[in-house]
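Single-structure report; data block below.
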Protein chains: 2
Amino acid sequence: MREGPDIARIASLVGDPARANMLNALMGGTALTASELALEAGVSLPTASSHLSKLIEGGLLTVASQGRHRYYGLAGPQVAGMIEAITGVAEAVGPKRVRPGPRDRAMRVARVCYDHLAGEQAVAMLDRLVAKNVLVRDEQQIRLGPSAASHFAAIGIDVYTKPRRPVCRACLDWSVRRSHLAGTLGAAILDKILAEKWARREKDSRAVIFSPPGKQAFERVFLS
Amino acid sequence: MREGPDIARIASLVGDPARANMLNALMGGTALTASELALEAGVSLPTASSHLSKLIEGGLLTVASQGRHRYYGLAGPQVAGMIEAITGVAEAVGPKRVRPGPRDRAMRVARVCYDHLAGEQAVAMLDRLVAKNVLVRDEQQIRLGPSAASHFAAIGIDVYTKPRRPVCRACLDWSVRRSHLAGTLGAAILDKILAEKWARREKDSRAVIFSPPGKQAFERVFLS
DNA sequence: CGCATAGTTCGTTCCTCATCGAAGCATTCT
DNA sequence: AGAATGCTTCGATGAGGAACGAACTATGCG
């Protein structure tokens with residue numbers, strides 16, 4: 001009978017299958033309408049609406065009205081990180097995974113995590129950036145290294161533009177159980193990958209699929 | 001309607017208040033018995049047992065039988081990380097902390113934790129005993145120091161009487177987030193506090209309320 | 001305006017699951 | 001052996017909450 005932050009309240013919000021599906025769908029980073037989320041969750045519109053108000057009320061989602069549409073999105077990277085953490089446990093503990101299909105495989109390699117890149121590629125990238133001393137990490141903290149500004153400027157990313165959110169954050173990867181790069185820098189890198197058309201997003205999925213030349217370019221820039 | 005790891009299943013396990021309390025109690029890293037967890041969660045033993053089997057079944061907990069005791073512990077650091085992540089969101093999202101009432105305040109200062117003392121007083125006591133080298137701790141382990149036997153004999157506590165249970169154990173304090181002393185020694189000290197009438201137990205509560213002279217005596221013996 | 005689309009609110013139904021008492025095992029103490 | 005402790009299982013009860021249809025509000029379109 002203890003005090004403290006009400007973790008049961010938060011967890012029970014995620015603990016309903018319909019709501020979990022909605023949150024999962026929103027991990028793609030794009031805000032979705034109530035109808036789209038109802039479809040994703042496999043429930044009727046009234047039911048979805050009820051769930052959505054609970055998620056808003058609980059602080060996990062934000063909503064933006066645009067005309068007669070209401071766009072729902074994750075409340076922030078911290079929420080995304082929590083979902084990733086839960087996904088990791090579910091994966092590890094998970095019921096005897098059937099053999100991973102091609103989509104699972106793609107997800108494992110590279111996927112969107114809210115607004116940045118996750119998966120093996122992302123983990124490898126962070127490792128490399130740290131090894132090159134572009135980024136410096138101690139424990140869960142990640143900071144810009146001395147050569148960070150010039151390094152990223154060379155590929156068209158300004159690390160100082162957005163002061164509000166932390167530039168670097170570590171985000172635990174459920175498929176690899178190691179950290180990848182989040183924060184505004186992580187988001188900027190994902191933007192670049194998509195803008196340069198190195199990769200495309202799989203429809204209705206979080207998977208990010210690199211084209212062969214795109215993968216080469218990515219490796220040249222971030223893994224060399 | 002997407003596939004993937006069953007995050008709702010995991011989250012709903014954490015989403016019950018009783019189970020959340022248990023998990024929280026186990027975040028200290030020390031395994032606890034079913035009875036202790038029932039007390040922590042504020043439910044009856046059968047209810048706790050039911051919850052515990054669900055947590056085991058769900059892969060969040062492991063259990064180790066030791067004689068007629070069954071020690072429950074978190075299944076691993078990944079699970080602990082998930083709880084931390086959820087706690088972080090709950091903390092960020094739920095700032096509606098009511099101001100602590102008088103009973104909460106008393107609970108914070110001193111309360112019963114199963115069979116030993118918890119709260120600020122208990123944490124201070126353990127700190128002091130370690131500082132005086134009466135007890136020796138490394139990490140979560142606590143052992144008797146060289147002067148322990150004579151020190152406790154002087155106040156009428158024989159540290160060698162009950163061999164079955166561990167003499168010293170660390171127990172994480174939710175109000176202070178630091179360890180206090182459990183085990184037979186912790187129990188013996190609580191017994192002494194109550195026997196000497198330094199303090200009384202609040203009815204239907206875990207709070208332990210020291211009388212002014214009782215508090216002085218306690219401080220003289222354990223905090224000097 | 002009227003009609004269509006997007007979403008919320010209401011009321012009802014239904015089912016899961018948390019809860020506890022009582023009884024049943026298992027282990028240890030005497 | 002018998003008693004005591006620690007814990008689990010069983011069965012009954014009850015409350016919460018997820019679900020949807022129908023009705024209601026709001027925005028956009030012709």
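Please read these numbers as outputs of a predicted model, since none were measured by experiment. Residue numbering restarts at 1 for every chain, and letters A, B, ... go by the order of the sequence lines. What you see below is based on every heavy atom in this structure, not just the backbone, and it leaves out hydrogens, waters and symmetry mates.
More than 12 heavy atoms of other residues, nucleotides or ligands shown are found within 6.0 angstrom of NZ on K132(B).
Here Y72(A) lies in heavy-atom contact (under 4.0 Å) with sugar-phosphate atoms only.
V43(B) has its side chain out of reach of N21(B): every pair of non-hydrogen atoms, C-beta onward, lies at least 4.5 Å apart.
Put simply, CG on L37(B) is 14 Å from P on dT19(C), counting in whole angstrom units. Here dT28(C) presents its P atom at 9 Å from NE2 of H69(B), a figure rounded to the nearest Å. Protein atom CG of L45(A) is 18 Å distant from nucleotide atom P of dT25(D), rounded to whole Å. Between the CG atom of L13(A) and the P atom of dG16(D) there is a distance of 17 Å, given to the nearest Å. At whole-Å resolution of the value, CZ in R9(B) and C1' in dC17(C) are 15 Å apart. Rounding to whole angstrom units, CE of residue M22(A) and C1' of dG7(C) are separated by 13 Å. Rounded to an integer number of Å, the gap from OH of Y71(B) to C1' of dT27(C) is 14 Å. Taking atom CG of residue L32(B) and atom P of nucleotide dG6(D), one finds them 14 Å apart after rounding to whole Å.
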Going through the distances and angles, do V14(A) and L60(A) end up as a side-chain contact (heavy atoms from CB on, under 4.5 Å)? CA-CA 9 Å; V14(A) 187; L60(A) 298 190; 4.1 Å; yes
Start with the C-alpha distance between L61(B) and L74(B), add both sets of side-chain angles, then the distance that settles side-chain contact (heavy atoms from CB on, under 4.5 Å), and finish with yes or no. CA-CA 5 Å; L61(B) 258 45; L74(B) 293 187; 3.9 Å; yes
Let me see the working for L26(A) and L37(A) under side-chain contact (heavy atoms from CB on, under 4.5 Å), right down to the final yes or no. CA-CA 9 Å; L26(A) 292 171; L37(A) 288 167; 4.1 Å; yes
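The side chain of R19(B) contributes an N or O atom lying less than 4.0 Å from OP1 or OP2 of dA18(C). At dT8(C), one or more side-chain N or O atoms of R70(A) fall inside 4.0 Å of OP1 or OP2 (strictly under the cut-off).
The stretch residues 47-56 of chain B touches DNA chain D through S49(B), each having a heavy atom within less than 4.0 Å of the strand.
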What does the B/S/- profile of nucleotides 10-15 of chain C look like, 5' to 3', with a 4.0 Å heavy-atom cutoff to protein? ------
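Here Y72(B) contributes atom OH and T33(B) contributes atom OG1; the two are 9.5 Å apart, rounded to the nearest 0.5 Å. Atom CG of L117(B) sits about 6.0 Å away from atom CG of L190(B), to the nearest 0.5 Å. Separating the CE atom in M27(A) from the CD atom in E84(A) is a distance of 4.5 Å, to the nearest 0.5 Å.
Of the candidate nucleotides dC20(D), dT8(C), dT8(D), dC20(D) has the atom nearest to the side chain of S44(A).
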Acceptor/donor pairs from residues 207-224 of chain B side chains to any protein atom, 3.5 angstrom cut, sequence neighbours excluded:
unit_1: S211(B); atom_1: OG; unit_2: W198(B); atom_2: O; d: 3.4
unit_1: S211(B); atom_1: OG; unit_2: G214(B); atom_2: N; d: 3.0
unit_1: S224(B); atom_1: OG; unit_2: R220(B); atom_2: O; d: 2.7

